[in-house]
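See below for the structure under consideration.
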Amino acid sequence: GENVEQHPSTLSVQEGDSAVIKCTYSDSASNYFPWYKQELGKGPQLIIDIRSNVGEKKDQRIAVTLNKTAKHFSLHITETQPEDSAVYFCAASIGRGFKTIFGAGTRLFVKA
Amino acid sequence: EAGVTQFPSHSVIEKGQTVTLRCDPISGHDNLYWYRRVMGKEIKFLLHFVKESKQDESGMPNNRFLAERTGGTYSTLKVQPAELEDSGVYFCASSKRENTGELFFGEGSRLTVL
């Protein structure tokens with residue numbers, strides 16, 4: 001069945017450093033790749049997404065890259081801040097995203 | 001605009017008991033989803049409603065789980081009888097009819113089965 005693998009499961013960085021989270025997906029028909037951030041006590045919230053017709057997308061300090069051939073996509077956070085500490089989930093879906101498959105999450109710690 | 005709300009936030013029950021979780025989606029969102037995250041694992045799809053109709057329930061684990069969305073507004077997810085492996089955080093999410101892919105999540109209902 002559809003599967004999304006996410007690495008690493010835990011990531012600790014110093015404030016100001018960059019953080020990279022990587023995901024792979026199994027279903028080559030997937031064409032929508034969102035990233036969600038879950039802060040303590042809250043539900044996951046969309047922070048950025050990318051569609052299969054684009055290789056890279058950037059929004060201020062966060063960027064996503066997509067390699068459809070290798071079925072890899074990544075989240076890059078630059079100049080990390082303590083408030084970036086959270087659990088990040090990558091996901092993949094087909095079409096309009098009615099069934100979204102999530103990775104297992106990466107717990108990011110940003111040390112001040 | 002109110003977000004997705006879930007109740008209860010935390011429920012502790014004994015094996016064999018029944019629990020009902022409730023989700024109120026964002027007003028006007030036709031699509032409603034239930035997901036579950038078991039300790040440290042992926043957020044796993046359970047099912048999808050479009051208004052009151054079950055569009056996809058391929059992720060429901062077994063017949064101990066029953067989801068309803070009468071009237072196409074709020075939804076309930078009942079687990080009867082609960083087993084130890086049902087413990088986890090149950091998330092509800094909603095999206096607009098013209099779904100762009102973004103899911104709006106509630107804060108989750110943590111279920112602990114002892």
A:Thr100 pairs by side chain to side chain contact (heavy atoms under 4.5 Å, CB included) with which of B:Tyr35, B:Tyr33, B:Phe45?
B:Tyr35
Could you give the distance from CD (B:Glu42) to CD1 (A:Ile101), rounded to the nearest 0.5 Å?
9.0 Å
At what distance, to the nearest 0.5 angstrom, does CZ of B:Phe104 lie from CG of A:Leu46?
8.0 Å
Per-residue contact mode, B:Arg37 against chain A (heavy atom under 4.5 angstrom)
side chain
Which region of B:Ser58, side chain (C-beta onward) or backbone (N, CA, C, O), has a non-hydrogen atom less than 4.5 Å from a non-hydrogen atom of chain A, or is it both or neither?
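Just the side chain, heavy atoms under 4.5 Å.
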Is [X] atom [atom1] crowded by more than 12 heavy atoms from other residues, nucleotides or ligands, each under 6.0 Å away?
{"X": "A:Lys71", "atom1": "NZ", "value": "yes"}
{"X": "B:Lys54", "atom1": "NZ", "value": "yes"}
{"X": "B:Lys44", "atom1": "NZ", "value": "no"}
{"X": "A:Glu79", "atom1": "CD", "value": "no"}
{"X": "B:Leu84", "atom1": "CG", "value": "yes"}

Check whether any side-chain N or O of A:Tyr36 sits under 3.5 Å from a backbone N or O of B:Leu103 as a donor-acceptor pair, and report yes or no.
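Side chain of A:Tyr36 to backbone of B:Leu103: a pair is present.
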Go through the structure and list residues passing side chain to side chain contact (heavy atoms under 4.5 Å, CB included) with A:Glu83, not counting sequence neighbours.
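Scan of A:Glu83 (side chain to side chain contact (heavy atoms under 4.5 Å, CB included), adjacent residues dropped) gives A:Gln81.
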State, to 0.1 Å, how close B:Gly106 and A:Pro44 come at their nearest heavy-atom pair, and which atoms those are.
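The pair with the smallest heavy-atom distance is O-CD, 4.4 Å.
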Please find the pair of heavy atoms, one from B:Glu102 and one from A:Tyr32, that lie closest to each other, and give the distance.
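Reported closest heavy-atom pair: N-OH, 3.7 Å.
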Are A:Trp35 and A:Val13 connected into the same hydrophobic cluster when the rule is that any two of I, L, V, M, F, W, Y join if their side-chain heavy atoms are below 4.5 Å apart?
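Yes, A:Val13 connects to A:Trp35 through the hydrophobic network.
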Given heavy-atom pairs under 4.5 angstrom as the criterion, report whether the side chain, backbone, both or neither of A:Gln38 touches chain B.
side chain
